[in-house]
Each structure stands twice: as C-alpha cells, then as structure tokens.
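Values below: every heavy atom of this structure, side chains too, minus hydrogens, waters and symmetry copies.
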Amino acid sequence: MSGNDINRRDFLKFMGLGGVGAATLSGCDMPTTVTLEEGKEKVVSYLAPEEYVIPGIGVWYASTCQQCPSSCGIHGRVREGRVLKVEGNPESSVNGGGLCQMAHAGLQSHYNPDRLRKPLIRKGGTLTEVSWKEAWAVVEEKLAASDSAKTGWMTGTVSGHQAVLLDALQEANGSNKHYVYEAINNSVGESVNKAMLGEATPRYRFDKAQSILSFGADFLGTWVSPVHFSKEYAEFRTGDRGVLMVVEPKMTLTGANADFWVPAKPGTEGVLALGIANVLLTKHQADAKLLPASVRKLISEYNVAKVTEVTGVGGDSVVKITNHLKNHAPSIVMSGASAHEHENGYFNATAAMVLNILLGNVGKTIESSGAMPDVKLASKTGSSSAAMRLAADADKGALETLFITGANPVFTVPSYVGLVDKLAKVPFKVSLTSFMDETAALSDVILPLLSSYEDWGTTAAAYQPTEKVIGIQQPLMQPLYAETKGFGDVLLDLLKIQGAEQYGAYTDYYSYLQNALYSLPASVKQGLSDADFWHDSLKKGLIKVGDAKGSLSVKTIDLTAPSFEDNADFPMVLAPSARQGLWDGRLANIPWLQEAPDQITKIFWDSWAELHPSTAKKFGVKEGDVIQVESDQGSIEAQVYIYKGVHPDVVAVPMGQGHENYGRYATNLGVNPLKILSPGTDKVTGEIAAHATRVRISKTGKSSDLARLGGSETQVGRKLVSTVSADVFRRTEGGGNVA
Amino acid sequence: MFASIYLTSRQHPRGRSFMGRGFAVLFAMVFSMVSLLGAANVHAEVPNAIPPIGTHNGEDVPQPIEFPHDIHADVNEINCMYCHTYARRSKVAGIPPTSKCMGCHSVVATDKPRIQKLTEYWENKQSPDWNKVHDVPDFVHFTHEKHLKRFVFENEGMDVDNVSEVCAFCHGDVKKMTVANKTKPLTMGFCVRCHEANDGPSDCWKCHK
Amino acid sequence: MSLKNVLENWSDYRKTHEDGGHHDYEHMWGMVVDLNKCTGCNACAVSCYSENNLATVGKEKMGKGQGMHWLRMERYWDEPNVGGDEKEFHERGASFLPMMCQQCNAATCEVVCPVAATYHTPDGLNAQVYNRCIGSRYCSNNCPYRLRYFNFYSYYEDAWPEPLNQQLNPDLSVRDKGVMEKCTFCVQRIRTAKDTARREGREVRDGDAVSACAQSCPTKAITFGDLLDENAEVTKLWKFHQVELGKTKQDKANKELRGYRVLEGLNVDPCIMYLDRVREV
Amino acid sequence: MQTKDINENIAWAKINTDVLRSMENPRMGYWIAVVACLLMVSCAVMAEIYQYQVGMGPGNLNWPHMWDLYIATFVFWIGMSHSGTLLSAILHIIGADWRKPIYRFAEAMTTFSLMTAGLFPIIHLGRVWNMYWVLPYVSDRGIWPNFRSPLIWDAFAITTYLTSSALFLFIGMIPDLAICRDNARGWRQKLYTVLSMGWQGDDRQWRNFRKIYLLMACFLIPLAVSVHSIVSADFAMSIMPGWHITSFPPYFVAGALYSGCAAIITLFIILRYFFRFDEYMTIPILEKTCKLTFAIAMVWSYLTLIEFASVWYGHDPVAKEALVSRFVGPYSPFFWLMLFCGIIVPFALAVERFRRHLPTMFVVSILLNLGMWLERWMIVTPTLATSYYPFAFDVMWPSMVQWAIVFGSFGWFGLLFLIFVKVFPCVSMYEVKEMVFHRRQHNSPEIAKQFHRRASDRQAGDEQPSTGGA
C-alpha cells in the first residue's frame, strides 16, 4: 500500500451505489421495474487510481477490531471504496483468523444509520447540530475558562498511541483524573493475580492443560479475550481431550460447553474452591507445603459437609470435580464475573488461585505472559470502581471539565450511585462518540468520532500471551461524514490547545502515527527502511514488538473467612449476566446482533428472566409469563425463560438491553438489570458487586409467547446432535491419530 | 418466433450444409426474420465465433462530456482496452480514470471545448459522473474478463487489434458512434442464443447470482 | 433447465438416489462440522448475515417465524444417546448444532420446484436462482431440514436504511418479496476463487474457496472444501471418519468414529458431515 | 308418500314451461343472493390486492408453514368438481336414469368449482405476476418448467379437466338451448341461436349427439379420476410424514366424490325450494343421491382408517408422530370435528326419515362439506407443524387475509352459479322428457311396442317422439 496520502485517499474514493458495485434489487419484483432504462444509473469513475485497484474485485486490508476491548486483528474486504465484509486476520496472535459475532457486526456500527453526522452543542438546554468549527470553538473557549487541573477523562479500555497522547494531554493539563471504565471487566482477577503472582494477566496454557475449572469465567463468551480463548479451547478439546468444569449461577456460553456444569449459591464460589482444596489435601495427598499454615487451617475448616451446607453443591459433585482435577492434571482454575462481583469477590478469586497453587499449576499451566517493552503503549484495562471514583470526584466538585469516550456510564452504572445527578455538578462535559447514548445526552458538547473503520490508531491488546504486538488500526474506507474526526486527531488538537509544542509539528494524527512508528526501535523494524516498515505494518495489520518474558512465582496469599447472611424478604439473587453479542449494551444498536438469538436461550430482540423449573413451579409461572424482579432499589419486568441451567435461588437477566436513548434499534427494548442493583462493592478492590443484589420475584399476570427461535428444545428422538463419551474420542482421535 | 429461435444458431454460414429443399421456405422465413433482427452484419474478423443476434435501438444517453468514440477508436485506432483497461482483468470494463484522459489531453487538442471541460474536472480534482448505457439487471453476473479470454486472448488466430469487433458483439459498432448508445438487446435470450451457438456454459448459476 | 437438458441428463436425475450423486462433477463442495469444537457462539450466523445480504426483519416478524437465518445455530437440551435428562441441572451443558443448507445430492427440493428455479449445479451445489423463483414454496415444504427461507415481505425496504445499504455485497443479489432463498455455500466466493484460479492459469486449490461461516469460526469447527479433491482437508476428514456419499447408512469398519450426516436415512444424501459432540459421561 | 322418481303423466309442455320459468324474471331473493356473493368476492379481492402489494406475510404464512388454507381450499374445490362428472358421466354410462333431472346443475357445479379451484394455486404464489412460467411456452430463453414437479402436472390436469368438463356441459345443453331459442325473445334469443348451433332435433343430429355425448362421458371418467390423483400427488410425492402416503390417490378421489355429492344435495335442496322443482327434483331422487353419498362416505371413511392403520403399523416413528399429533396436537379439535363430520354424520343418510326430511338433509350436507374442507386443512397444516425437524416445529393460525380469500371463493362460486341458473336451464328438459317417456313405456306395453317398431324401421315422415322442439 502506498504511503502517498493523496493517492490513498483517492483510492478510497467512494463509488456511488449506482456504480459497478451495485447490489440493488434482484429484479425479483413487480415486472415493470425489471426492465432497465439506459442512463438511469450513474457510474462514477476514479480520478487517479493505483495500478492494482480494479473495480469489481475486492481487496482485503488489515486493521484492528474495536468492538470490544480484546482488539482482534481483522481483514476488511474493500470494493469500489466500500468495506463490505470483515474476517479475522490470521497473522494476529490474539484471534488468529477467527472472529466473534460482535466483530462481524462492526460493519453495522460503521454504516449505522443512527451515527452522529455533525457535532451537537447544548443551546438553552437542548442539543443542536452545529458545524465542527463552531463546536470546537465552544470547547476551546470553555477549556480556556476552566482549570485544566480539574479536567477529567472517562474512557473505555485505551492502549497504543491514543493512550500515549491521552497521558501526554493529562500531563499537560496537570491532571491525573483518568477513569478507565468497563462494565464487563476482570479487574478483581487482575488485582488478585497481581498480588499473588505479580502479574495482572498471566498466560493460561490451555494447550498444556488437561482440565479446566472455571468459577464463572466465561472465557468463550465475555471474559478477557473470548476469541483467543475459543481458539485455545479448540486445541484443549482436540487430541487428548481436556475436561471442562464450570461453576456459575447461570449457564454462560462456557458453561454450555462444559463437561460438568454445577451452580453454587452466588458468592460462595470461594468456599467451594476451599472445599475442593480440602478434599485434595485430605483424599489426594496434595502437597500441603505449597500453602502457608494459616491458609491450610482455613481450608481444613471447610470439609465437604460444610461446603455443601454453604454452597449448596452436593458432596458428590465436589468429589467429582476434585477427581477430574486430579486425574486430568495439569489443570487450570479460573474465576470470573459471577464469582468476582460480590462483596467477597476478592476472596473468591484468591481461593481459586489457591487451588492453582495447590495443584501446582503456577508456572506449569499458568505462565508469565511478559510485558509490553514500551509500557506507555500497554493497554489500560478498565474497572467498574473507576465509575465510582468518577461519581465521587464529580460529587465533591473536583471536576470542571469531563471528556467521555468509549464508555456509557449513565447506562451501565447502577442507579443507586446517582451518577446522573453527580455528573450534573460537572460544569462542562464533552462526549466523543459516534452515537447518541444515555451519557452523551447529558453532555454539553458532542463531538462525533470517525468509526473504527475510518480512523487511524494503534492498539495493544490487554491479553496477548504468546507474543506482544501492536495492532494497526487503519481506515478501510473514506469517512462517511465530513463533520466527524478521529479520536487521535481530537487528542492532538487538545494538546495543541494546551500548547504542548512538541505536537505542534503534526498536521494530523496520521502523520503523528507514521512518525511514531518510524521512531520505533530498529529491533522492531527488522532493519526495514521507514517507508517499507510502514507499508509492511499496514499490510500485516500488526507490529511484533518482541517479548520481555518473565516468570511467575507465588507471592502472598491472604485469605479471610467470608460470612454469608440470608435476606428473608429478598430470597433470590439477581445475576445480570453479560451476553456475548450486546456486550455491556454498547452493541445493542446493531440489528444483526439484536436478531442473532442469544446462544443459550435463543431469544432475540428482547430481555428475559431465567428461572429454574423448580423455582418456576414454586412461583407458579410458566414460560412467557412476565414476572417482576424487585430489589430494594427498584424493579424490572421481563418474560420468563425456564430451563435447568440456572441456580434455583437465582434469577438471571442479561445486560445490554433497556436503552432509553441509543438509536432506532436499541431504544425501548427490554430492560436493564443494572438499574436495580443494590449498593455493595468488593471489600478489597471496591469493584461494584453486580452479582450480589438480592431480589424477590412476583407474577404480573401478563403473559405472551417468548420471541424465541426454534420450536422444540429437544431432539424428539431424531439423531441430530449425537454425543459420544470422551473415552471413545480419546481412543479414536486421541494420541495423535487425527485426520 | 419458434423457428427463428431454434434455427438461428444453425443457419449460420458454417452450418449451411444440411439446409435441404424441405427447409427452403422455413429458411427464407427465418432468414428474413434474422436479417430483421439485424444479423446481416456478421463480423467475419472474429474466428471461431458466432456473433449474437438481435438489435435494440436505445435512446441517446446524455453524458457530462460528449465523448467521441469514433475519433478515438476509429480515426485514431486506439484499442478499446487501452481506456477500458479493466475489461480483461475484471467483470467490469470500467470507465477510464480522468488521469488517463489527461495523460494525452494535457497536450492533445487542448483547445477543444470538450477537452477544456475535462480539464476543468481534472483541476477541481473530481471525475465526471458518466451515465450508464449498457446495463444488465443486478441478478446477472457478467464478466468481461471471461468473454475476452474466450473470444480474444485464448482464441486461435484472433488478432487483438480487432478486439473492437468482439466488443461489438454486445456493444454494437461503438467505433461509429460518438457517445455510445445501446444497440443490442442484452436480454437473456440474446445471451442464451450466443451461448448455445458458441458452446458457452448453460448452467444457470454461471450468469445468475 | 432446458428441455434438452432434461432429456440428455434424465439418467442422471434417476441415478441421484442410487450412487452418491453425479461423480462426473467438476467439484463437489462439501463440509465438515465438528460439534466437539463448536461452542455455539453464533459467529458463523452473523458472518453469514454480512456476507449474503440477509435482511434483518425485526422482533415481530422474527417472532412470527418469518426470519431469514440461512445458518441457524440450534440448541437442544437433551442428549438422546447419553441420557441424564432427569438430573436437576443440565450438567453437560447444551447441544449446539449449526444448521445450513445441506446441499443434498438427492435434494428433495429440486424435484418439486415447478419452474426449476432450484437445481443441481455441476459443482455439486444445490442452486437457487432467485429471479426464476415464482414462490410456490413447495421446495421449503419438501425440505426435511426446513432450511429454505421465504421472503414474506419486501424486507429490503426496511432492513438497510441509508447508509446501511452500502454494506450490501454486490456479488449476489438482494432478494425481494415472493422469493425463496437459502444457504448457497457462499457460491459468490467459490465463483471468485475459480475466476482467480483461472486468471492464474491453475486448478482451484484447497482453501481458495472458503465459506463465510468456515472462515470466521473462532474454533475452526467448520471445514469447507472440495470432496473430489483428494488432498483437500475436508476429503481427508470424510475418509478418516469413513463416511461416504450416496449411502443411507454408513457401514464403518470402526464403529466408534464420529462422522455422521443428519437425517441420512432419508436418502437425501447431504454433503455436510457432522462429527459427534463429545462429553465426559 | 312419494315413491316414484318422477310422475310419468307429466305433460312435456309443462316441463318446458316449468324449466323456462325458472330462467325468467328473477325475484328479490335472487338479487339478495347476488349482492351477498358480490360482497364476499369483494372481501377476497381486497385481501388479494393487499397480499399482492405487501407479500405473503400478512397471511401469517411463516417458516415452516409455507402452505396453508390456500392449498387446502384448492384441493377442496377440485374435489367438489368431481360430483358433476360422477352424475353425468358415470351414472350415464351405467344407465341410472334417475340422474337426469339433477345432473345439469351438478355439471355446472363441476365447471364452476374448477374455475374457483384454479384461482388458488395462483393466489398462493409469492410472485403471481410470473405464474405463466409454469406453462411450457416457447421463449427465446429456451427454458422450460420442471416436468418432474407435481405442481406442473396439476397445471396440465386442471386445465384439461376444466376445458373438457365445460365442453361436456355445453354439449349436453344443446337440445335444451334449442328449446330456449324457440321460446326466447330479444338478446336471449340471439344468444341461444348462436349456442344451439342450429339444432333441429332431427335424426342425424340426435345420432351424432348421442355418439359424442357417450364419447365425452367415457373420456371424462378416467380424466376425473386422474385429476384428483394428480392433486394428491402434490402431497404424496413429497417426503413429509403425513403427506407421503401411498393410499392418497384413491383416498383423494373418494373424498372428492364425497364432498361433490354432499354439495349436490345442498344445491338440490336449494333449487327445489326456490324454483319449485318439486316434480323434477323429487324426494326419491334425493334419497337415491343420499344413498349414493352414504356409500361413498363409507368408502372414504374406510380409506381414512386404512391410512391411519398403515401409518401406525408402518413403524416409521416420524410418520407415527405426525399421526399422533393430529389426534392430540394443537390442531386436534379441528381434526376430531373433521372425523365427526366425515364419518359419524353420514350415518344420518342411512335413516330414511332423515333422508326424506329436507331441512335435515340440508344441514347434514353442509356438515359433510365442512368435514371435507377440514380434512384438506388437516392434511396440509399439521404435517408442516411437526415434521422431520424439531427445531422447525411451529403452530400457526391463518390470519384474516387468508380467511377472507377462502370465504370469498365461496362467493365467487355462488356468483357463477347464480348467473348460470338464470341464463341456462338448470334442469335438462329433454332428458327429463326421455326419462318420463321411458317410464311411460315401461308401464304401458303398447307404447313400448309402438316405440320399438318405430325404433326398428326408419321411414321418413314417421312421427318420432320429439324431445327437441315441442
């Protein structure tokens, strides 16, 4: 690809729909319109194309997906200047050719009819469209007036050179208020890993592991880097097939693929882990010396009987899990959202890690994943506590200006936090976003950003175990709307306002980025000339920056016995489960993802409440009935879906729906469970305890058919999906005799 | 109608032998029909090819610049594929990029009004919006590349300089036009008959998408 | 299908049900879906939507069963040949089954179409010519897998508001009301692959043509290829699992091998082989 | 109590006047009926226009319910058409002369129900404007319909049947048209002059007439049987459980005759009541028709049970499932109603008291037809609801659009029939005369003798028992 910007832009010249790229009606309609009239369609010719650009032939360009924080490499098929399809970038160590549904739907984020086409500023209470110039003038004026030290940034996960610029900007502002917020995060896990192993995101060796025990870590769906783990999972399952055990209140995509799925009372996962440890020590002569005496003592308290009493998991299940772990060594024990998001979330995560230590997985199946050579480029992973901090700061007037991008806290932060009122205390709020959403609606200026397919950028995935790379995000087509700007460009402009002179030289983010890559160390450039290196990187879509491998060692282990109390008037627990598809709700405005049924329930375009048959029986509800789920913070209504994949004491309502202001496809659809979360944070990390809310359910009397795909939930005796035992599989395809 | 359909491919010069006396009347009828359909101008220059039969009189399509095909292709004998360069590499022949026009016309005939108009476009860094003349429905998959392969590049004894004759199969005698207009029906029947005559593929999905 | 065609290939039409379809094909595109690897994540389905101009029809119509999901990710809760349905929980998770047109060699849909809008191509594909279809919907009635979807409305009117329509794939048409449609094994990709191969003056190699679902599968559970190509991955898998075309019941030397074809006993001779789901039991 | 099929002393002139009277100055009731029918039709037309504009969606058709009421009603009307052929052709050949007063309207029924049935395959097409593609016409594209598809066979079968039955109806009417011509004035006279094709009722004409009539009859019988067998092929040729059943052709034919006879009874009663045809459409004839219907009903019931049995003992689990789902599934109420109407109700026909009681018979015949319509629906829909593929199980209830069109089809049929009875004699005058004549000679030997002599020698000027003219 040529570095010549003029040519490149022109190559991206968009060809009108009437042109050779027409995909209009297949004449399959009223006879009259089948007849063609000459000269009715326009065909747009190029001004000065590059040699290999041929109309009618699609070309694939590499870029990086921005749909969720795990930043997979993608290839975009470009034809007549339009990007038509994305596929995985085989070169990428993150996803290696595969992609999740959310990544594919990036196309519909890009072409979304509800994208903001012009900036909006608040005039007399209402947001009105203005030109970029005007909007920017407002920003400049306000910034000049305000105390730059009181400038805050709330972002989603950021990394790469955007992160570098953002840091530089905050530095120039003399402010340290950068809130990296992700509603779906692994923040508790990270802090536990950091404390116990000294590394936030160690590498999980699925390929080595023979068994995996997951406490609510939905690594196939929403945990850390789903596509990567799916790839690894495939290896894990082939050859001498590993065993997957999942403990979680509600069946996630990972749970649906488990060999043994068992729900524990929400929040008691840690206890179950200790129980397993107990059995390991007593029955399987695990090496006790690996654990300090205090921990051993605590473990010894949790014999199977007690564990069963606390967690509600049958003793036989505990033993079964333990046996699997023992017989299929080495193993991995993971923990995720449904275990973390409790007041004792930290304890749960620690207990899980204790199991790893006891099973001797650390250093064997859990390795160091090294670190980015250039720490400034490394990914800033989000947490929900960030939102709490923001709320606090806003409340006590520590913020005069707030920039919000890549996050929609007003939608995802529980209402008890009262974020809306607290944000109202921030005098000047700027949203950098492509869509009008609940948060943007509150801000004073909305600057529409380029879509991720139009913008330049670099990303460093938070979890890239095998090799450290910088993912290149390059435009796959010309911007659709003139009055939009790239995130990097905005940052640069802001820096210029702050008079950070070293950035004055750059006309735009593109030139900055080019320069930044030129100035990478020679080792990274593999002796290529600047231009060649640049083209090579764009072609590959990623830059291998080498790897500083470290090694893991067990640091501290501190476990304190948790306590659980029941709540008589709120007998049940709400599980606001993340679903791969709508993510935390940011993808709810994509028709493909709305229409793609939820993997577990097969429900589309709606929210629902999952109940266990026994619970449903108790409350006398049947599938399709509308129930009210009530917490001390309010209540929501949803239709019931009944199946045996949820704990009897749990009602699971997926996140992502219930938008009030997020475009035509998302607005007024379903309910948002996060709204009724009751106060509570993890004792150690201060993460929101989203899975700990106690609720009661009641019938509303309303009822209608579920919007669900598929008639029968069973195979009615046909041999559609036939299941064989793993032993047979190992006999036929294990031990290397594969096709 | 029936006769004309099922004999046109046979009553081609090379297939004349079997025309017995019994066919005389029929043949006369067919031939008259066919010549009505405009099969009179059979392009002898293209070997191993039976040109498609049928005419269409398309209305004149207004273009931003009244491009004279005759001057370029006929007078100056510029090969069609010099400008419509994508034809041999892609399904679409493509309209030449403005840069290509300027390649010559920055020096050639710069005084002509049409050229000045072109230069204007070039200087405003935009390309003219041409109107489509030859169009097939969107459920049809037609590729120039394959047809050129069959009739020109992989065609025994075919002289590439005569490519315009092959183009003329479907685009009519553009050489003689200024602004091109549609002189061939480009209907399914038109395609099918030619495919039958030249043993082109008969599989629906070859051309339908 | 011209009359000539019918008369000349009549024996073929008759043969289909005996030997595994026509083996004088240029290609025989086939597929393998490994249910051991498939996680049911639905990526294939959405990929299919974006590749094939599938319209989104909205909640109400989707609920009415008027959706356009060429590739549907099915989920069942029971495990017929393992049992354990009486347990308190779905201990072994769910059974996922990605279902796309099986491209049967003895396709039941082809015989009943009054206007031959659906027929078998020399590539062993079960073709659907949209603009020939008159919408008698007999084919869908006669498809045992129910894999054919009908345009009950002019979906294109609402499905792609400007500028969503700019994403539409020009390589295949957008269907209007009254037309039957179904998975085509991404025929436009196959076509491109063949054109490229021809341009480079070579045969189509394994991996040249990959269906959208196969390409985007994160676990690579789907393998797509030419069953007539001896070295194709897909052919090797069929061989390994001792599954053959043109049989209503596979007689395997090794009974434990996982390969099977859904509703094979109906003698429709599908071109997609599924590999058993595996669980610890 | 009337025992004779017809009173043989009835004067031939009276026959003419009675029948011709029925064709004249329509009364209020007639116009009301016409308006009612028009309203029904307009419902259907509106529904169809809507469907044409919007697509098949509004009918609630969905995946997997690609077919529904349209096809069911199509089969129903086709079935209805078989009665005419039965009465006019089959009974003609086996020489049951009691058919004579009633076969005319039965035959009209045949033609009109075919004209109604023919609409449905068109209505149910997703792209109606391309329906002509099913016909093997010559186009420069050189493409043809798929001759392996039962739908194509339908197209051929129905068009053939329609033409021939219409022809049969017309030919059978020629002598009567002559009578009309002789008695009519104004446009009617012109019309009948053309239609009666110069019928003089002379010997040659009569001979040719008999020949061709017999010929047509012989031609129609196998045709009628084949038509409904082919219609049954739409289902039997598919692989769907509950459709793919070997016994379908005879089953459908029986069903067809069944519903046809039921319809005849209905119309019989209506015509007899409104046109005061008591002397021609007599109770004994009604009784005979009822007996015939009863016999057919029994055959049909037997075939129904056979179908169940063969599926049940066939041990094809899926087919069994489909069968069971008919009995207990979501559609079971209609299925049971169908069984009741189709198998239980006909036993009313076995009771003489009922047979002779017109109101009862009227209700019964309606019930029978309801049953037969339900039967068709219960063949089409439950199979689609639960077939091979569990994931595609679905229950669908047709929407107003479908109902409106089905409803309207009855109006359309009624309209055609109403026009018919006012333009053409709905009782065959000359055949009734024949019938009366035969009865007379049967009773009085001398007439018979005289007739035989007359028949044996042919001298010009001999007075022939003229049936034409008069």
Side-chain angles (χ1 to χ4, degrees), chain A residues 21-23 25-29 82 84-85 87-88 98-101 104-105 107 111 113 220 227 230-231 233-234 237 241 243 253 255-261 480 580 591-592 595-596 599 602 604-605 643-645 707 710 713-715 717 720-726 728-729 731-732 739, chain C residues 35-37 39-43 45-47 49-51 56 59 62-63 74-82 89-91 93-95 97 130-131 161-164 166-170 173-176 179 215-220 236-237 240 256-258 260 262 276-281:
Chain A
L25 266 189
S26 83
C28 305
D29 62 344
R82 303 203 311 275
L84 300 172
K85 181 89 174 75
E87 294 290 357
L99 276 188
C100 69
Q101 54 177 337
H104 287 290
L107 285 162
Y111 288 114
L220 293 177
V227 182
S230 303
K231 194 179 67 172
Y233 168 85
R237 286 299 210 187
R241 182 177 180 282
V243 185
L253 190 53
N257 287 284
D259 291 294
F260 185 59
W261 183 88
L480 285 168
Q580 195 213 51
W592 284 341
E595 191 136 324
Q599 293 91 340
K602 291 293 154 197
F604 42 75
W605 287 103
Y643 74 126
K644 297 196 284 185
E713 299 240 285
T714 66
Q715 304 178 32
L720 304 176
V721 182
S722 79
T723 308
V724 296
S725 86
V728 172
F729 176 80
R731 260 204 301 284
T732 53
Chain C
L35 299 179
N36 176 35
K37 287 184 189 164
T39 65
C41 73
N42 219 7
V46 176
S47 180
Y49 264 75
S50 66
E51 171 71 23
T56 50
K59 181 180 180 184
M62 191 79 173
E74 299 173 1
R75 188 265 301 116
Y76 298 105
W77 287 126
D78 64 336
E79 299 164 296
N81 47 354
V82 184
F89 300 113
H90 294 306
E91 283 188 359
S95 307
L97 181 68
Y130 303 125
N131 54 305
E162 186 70 39
L164 264 183
Q166 292 177 14
Q167 181 271 332
L168 291 172
N169 186 351
S173 38
V174 176
R175 284 76 61 185
D176 193 2
V179 181
Q215 184 170 2
S216 51
C217 178
T219 59
K220 296 277 160 281
K236 294 201 189 107
L237 279 165
F240 177 85
E256 290 190 330
L257 289 171
R258 295 190 294 145
Y260 72 101
V262 174
D276 291 344
R277 166 174 173 268
V278 183
R279 286 292 190 264
E280 294 286 339
V281 292

**Q** Is it the backbone or the side chain of C:Cys217 that comes under 4.5 Å from a heavy atom of chain A, or both, or neither?
**A**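 For C:Cys217, backbone heavy atoms alone lie under 4.5 Å from chain A.
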
**Q** Just so I understand: if I count every heavy-atom pair under 4.5 Å between each of A:Ala234, A:Gly88, A:Gly710, A:Gly255 and chain C, which residue has the most?
**A**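 The option with the most such pairs is A:Ala234.
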
**Q** Of the non-hydrogen atoms in A:Ala596 and C:Val46, which two are nearest, and what is the gap between them?
**A**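 What the structure gives for the nearest pair is CB-CG2, 3.9 Å.
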
**Q** Tell me, out of A:Gly717, A:Pro591, A:Ala258, who's got the most heavy-atom pairs with chain C below 4.5 Å.
**A**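 Of the options given, most contacts go to A:Ala258.
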
**Q** Please classify the contact of C:Leu257 with chain A as side chain, backbone, both or neither, using a heavy-atom distance under 4.5 Å.
**A**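 For C:Leu257, heavy atoms of backbone and side chain both lie under 4.5 Å from chain A.
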
**Q** Side chain, backbone, both or neither: which part of A:Leu720 has a heavy atom under 4.5 Å from chain C?
**A**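 Contact with chain C involves both backbone and side-chain atoms of A:Leu720.
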
**Q** Got a donor-acceptor contact below 3.5 angstrom from the C:Glu280 side chain to the A:Ala726 backbone?
**A**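 No; zero donor-acceptor contacts below 3.5 Å.
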
**Q** I'd like to know whether C:Glu51 forms a side chain to side chain contact (heavy atoms under 4.5 Å, CB included) with C:Gln215, so could you lay out the CA-CA distance, the side-chain angles of the two residues, the decisive distance to 0.1 Å, and finally the verdict.
**A** CA-CA 11 Å; C:Glu51 171 71 23; C:Gln215 184 170 2; over 6 Å; no

**Q** Identify which of C:Val262, C:Asn81, C:Leu97, C:Leu35 forms the greatest number of heavy-atom pairs closer than 4.5 Å to chain A.
**A**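 Looking at each option in turn, the highest pair count goes to C:Asn81.
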
**Q** Checking A:Phe260 against chain C: side chain, backbone, both or neither under 4.5 Å from a heavy atom?
**A**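 It is both, since atoms from each part get that close.
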
**Q** Go through C:Asn36 and A:Arg241 one step at a time and tell me if the side chain to side chain donor-acceptor pair (under 3.5 Å) criterion holds.
**A** CA-CA 10 Å; C:Asn36 176 35; A:Arg241 182 177 180 282; 3.2 Å; yes

**Q** Go through the structure and list residues passing ring-ring contact (aromatic ring centres under 6.0 Å, His included) with A:Tyr643, not counting sequence neighbours.
**A**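 A:Tyr643: ring-ring contact (aromatic ring centres under 6.0 Å, His included) contacts with A:Tyr641, C:Trp77.
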
**Q** With a 4.5 angstrom heavy-atom cut-off, which part of A:Glu713 approaches chain C: side chain, backbone, both or neither?
**A**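 Backbone plus side chain of A:Glu713, per the 4.5 Å heavy-atom cut-off to chain C.
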
**Q** Please find the pair of heavy atoms, one from C:Ser173 and one from C:Tyr130, that lie closest to each other, and give the distance.
**A**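 Smallest heavy-atom distance, with atoms named: OG-CD1, 3.4 Å.
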
**Q** Does any backbone or side-chain atom of C:Lys37 lie under 4.5 Å from a heavy atom of chain A? Answer side chain, backbone, both or neither.
**A**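 Looking at C:Lys37, backbone and side chain both touch chain A.
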
**Q** Please flag which part of C:Tyr260 lies under 4.5 Å from any non-hydrogen atom of chain A: side chain, backbone, both or neither.
**A**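 Just its side chain gets close to chain A.
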
**Q** Using a cut-off of under 4.5 Å on heavy-atom pairs, state which of C:Thr219, C:Val278, C:Val281 scores highest against chain A.
**A**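 Of the options given, most contacts go to C:Val278.
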
**Q** Any idea which of A:Leu253, A:Leu107, A:Asp259 has the most non-hydrogen atom pairs under 4.5 angstrom with chain C?
**A**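 It is A:Asp259.
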
**Q** Walk me through whether A:Trp592 and A:Gln101 qualify under side chain to side chain contact (heavy atoms under 4.5 Å, CB included).
**A** CA-CA 9 Å; A:Trp592 284 341; A:Gln101 54 177 337; over 6 Å; no

**Q** List for me each residue that meets salt bridge (Lys or Arg N to Asp or Glu O under 4.0 Å) alongside A:Lys85, sequence neighbours excluded, and say none if there are none.
**A**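 A:Glu87.
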
**Q** Do NZ/NE/NH1/NH2 and the carboxylate oxygens of C:Arg279 and C:Glu79 come within less than 4.0 Å?
**A**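 No, this pair does not count.
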
**Q** Of all of A:Ala707, A:Pro113, A:Cys100, A:Ala105, which one pairs up most often with chain C through heavy atoms under 4.5 Å apart?
**A**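 Of the candidates given, the most pairs with chain C belong to A:Pro113.
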
